[in-house]
S.K.: 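Quick one: structure below, then a few questions.
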Amino acid sequence: MGIKKSKEKISKVKGENEDFFLQVYQVVRLIPKGRVTSYGAIAKYLSAPKASRSVGYAMNTSHTKKPVVPAHRVVNRDGLLTGKHHFSPSSSMQKKLEAEGIKVKKDQVLNFKKVFWDPTIELAL
DNA sequence: CGATTGACGTACG
DNA sequence: TCGTACGCCAATC
């Protein structure tokens with residue numbers, strides 16, 4: 001019988017865990033043009049309000065997923081483009097947002113509350 | 001398998 | 001009101 005090798009991960013079972021990332025990507029793709037959301041809102045929608053960090057981590061690898069995830073529509077709860085440094089160039093994030101009608105000033109989304117798109121409400125789980 | 005990191009968020013001083 | 005510390009969850013080294 002196959003005793004687990006040292007390289008095998010037994011601390012966690014792979015399965016629905018992968019869904020978490022997929023759910024994150026899916027929700028981000030559902031963000032309407034000209035709207036933005038926050039990591040916490042997505043995490044909360046996935047029944048993990050404290051997993052906001054994991055959502056951010058998921059976005060980190062989002063650029064390798066297809067179709068391309070509009071990560072530029074995801075900001076922190078303050079409406080700050082905290083993830084802009086992950087874009088190349090970093091200013092491209094703001095540029096994309098402005099191209100959608102979202103005004104950005106000093107890495108901050110103007111009228112953030114107005115353009116905020118809450119999946120827990122819009123998707124009405 | 002254990003420790004560290006990270007595009008966050010909330011609590012505390 | 002602002003700044004700092006801690007917690008949470010998953011991935012990576």
Side-chain angles (χ1 to χ4, degrees):
Chain A
M1 27 206 144
I3 302 296
K4 80 244 189 271
K5 303 294 184 177
S6 343
K7 293 197 159 186
E8 289 188 291
K9 302 181 158 192
I10 60 174
S11 55
K12 67 184 68 170
V13 179
K14 282 176 141 185
E16 298 182 12
N17 297 61
E18 297 180 358
D19 244 19
F20 186 82
F21 270 50
L22 296 177
Q23 291 283 6
V24 173
Y25 304 142
Q26 187 64 27
V27 173
V28 174
R29 292 189 196 117
L30 291 174
I31 301 174
K33 204 169 183 191
R35 295 292 174 106
V36 295
T37 190
S38 65
Y39 306 94
I42 296 172
K44 188 172 185 177
Y45 174 72
L46 300 178
S47 303
K50 303 306 176 72
S52 52
R53 305 197 70 114
S54 301
V55 174
Y57 206 97
M59 301 307 299
N60 192 357
T61 59
S62 67
H63 74 99
T64 64
K65 314 297 180 187
K66 270 77 138 203
V68 179
V69 179
H72 61 276
R73 294 180 187 155
V74 184
V75 296
N76 71 346
R77 86 177 214 43
D78 293 325
L80 297 175
L81 281 57
T82 53
K84 74 168 192 171
H85 292 288
H86 294 260
F87 285 77
S88 53
S90 57
S91 56
S92 67
M93 184 174 184
Q94 178 174 334
K95 191 169 185 176
K96 288 168 184 274
L97 290 173
E98 291 180 333
E100 297 183 357
I102 298 176
K103 302 297 190 292
V104 179
K105 187 71 171 183
K106 290 157 46 81
D107 301 338
Q108 183 177 340
V109 177
L110 300 183
N111 304 321
F112 175 62
K113 192 192 292 183
K114 187 182 296 182
V115 299
F116 181 73
W117 181 82
D118 191 342
T120 62
I121 296 175
E122 303 298 328
L123 298 182
L125 181 60

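The sequence lines fix the lettering, A, B, ..., with proteins before strands; numbering per chain opens at 1. All values reported here derive from a predicted model rather than from experimental measurement.
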S.K.: Apply the side-chain contact (heavy atoms from CB on, under 4.5 Å) test between A/Val55 and each candidate in A/Val24, A/Asn60, A/Val28, A/Val27; give the one that qualifies.
M.R.: A/Val24

S.K.: Where each residue is assigned the nucleotide of DNA chain B containing its nearest heavy atom, which of A/Ser54 and A/Ala41 is assigned the position nearer the 5′ end?
M.R.: A/Ser54

S.K.: In this structure, how many angstroms lie between the P atom of C/dC8 and the CG atom of A/Leu46, rounded?
M.R.: 18 Å

S.K.: Quick check: do A/Asp78 and A/Phe112 have side-chain heavy atoms less than 4.5 Å from each other?
M.R.: no

S.K.: Please report, rounded to the nearest Å, how far the C1' atom of C/dA10 is from the CE atom of A/Met59.
M.R.: 15 Å

S.K.: Would you confirm whether A/Tyr45, through its side chain, and A/Asp118, through its main-chain N or O, come within 3.5 Å as a donor-acceptor pair?
M.R.: no

S.K.: How many Å lie between CD on A/Gln94 and C1' on B/dA7, as a whole number?
M.R.: 16 Å

S.K.: Taking CD1 from A/Ile42 and C1' from C/dA10, how many angstroms apart are they, rounded to a whole number?
M.R.: 15 Å

S.K.: Ignoring the backbone of A/Tyr57, work out which of C/dA11, C/dC8, B/dA7 is nearest its side chain.
M.R.: C/dA11

S.K.: Under the criterion side-chain contact (heavy atoms from CB on, under 4.5 Å), which of A/Ile42, A/Val36, A/Val69 is the partner of A/Val74?
M.R.: A/Ile42

S.K.: Given the structure, check if the side chain of A/Tyr39 and the base of B/dA7 hold any donor-acceptor pair shorter than 3.5 Å.
M.R.: yes

S.K.: In whole Å, I'd like the distance from the NZ atom of A/Lys44 to the P atom of C/dC8.
M.R.: 17 Å

S.K.: Which is true for A/Ser62 with a 4.0 Å heavy-atom rule: it touches a base, it touches only sugar-phosphate, or it touches nothing?
M.R.: base

S.K.: Check each of A/Met93, A/Gln108, A/Lys106, A/His72 against A/Leu81 using the side-chain contact (heavy atoms from CB on, under 4.5 Å) test, and report the only one that passes.
M.R.: A/Met93

S.K.: When the distance from CG of A/Asn60 to C1' of C/dC9 is rounded to whole Å, what number comes out?
M.R.: 15 Å

S.K.: Is the backbone N or O of A/Gly79 less than 3.5 Å from a side-chain atom of A/Asn76, with the two atoms forming a donor-acceptor pair by type?
M.R.: yes

S.K.: Which ones in residues 99-118 of chain A lie close to DNA chain B, meaning a heavy atom under 4.0 Å from one of its atoms?
M.R.: none

S.K.: What's the closest nucleotide to the A/Ala51 side chain, out of C/dA10, B/dG9, C/dC9?
M.R.: C/dC9

S.K.: Do other residues, nucleotides or ligands put more than 12 heavy atoms under 6.0 Å from A/Lys84 NZ?
M.R.: yes

S.K.: Less than 4.0 angstrom from a charged side-chain N to a carboxylate O is my criterion; do A/Arg35 and A/Glu100 meet it?
M.R.: no

S.K.: When the distance from NZ of A/Lys50 to C1' of C/dA10 is rounded to whole Å, what number comes out?
M.R.: 16 Å

S.K.: From the list C/dC9, B/dG6, B/dG9, which nucleotide is the closest neighbour of the side chain of A/Ser52?
M.R.: B/dG9

S.K.: Heavy atoms within less than 4.0 Å of DNA chain C: which residues of residues 71-92 of chain A have one? Give them sorted by number.
M.R.: none

S.K.: Look at the side chain of A/Ser90 and the backbone N and O of A/Phe87, then say whether any donor-acceptor pair between them is shorter than 3.5 Å.
M.R.: no

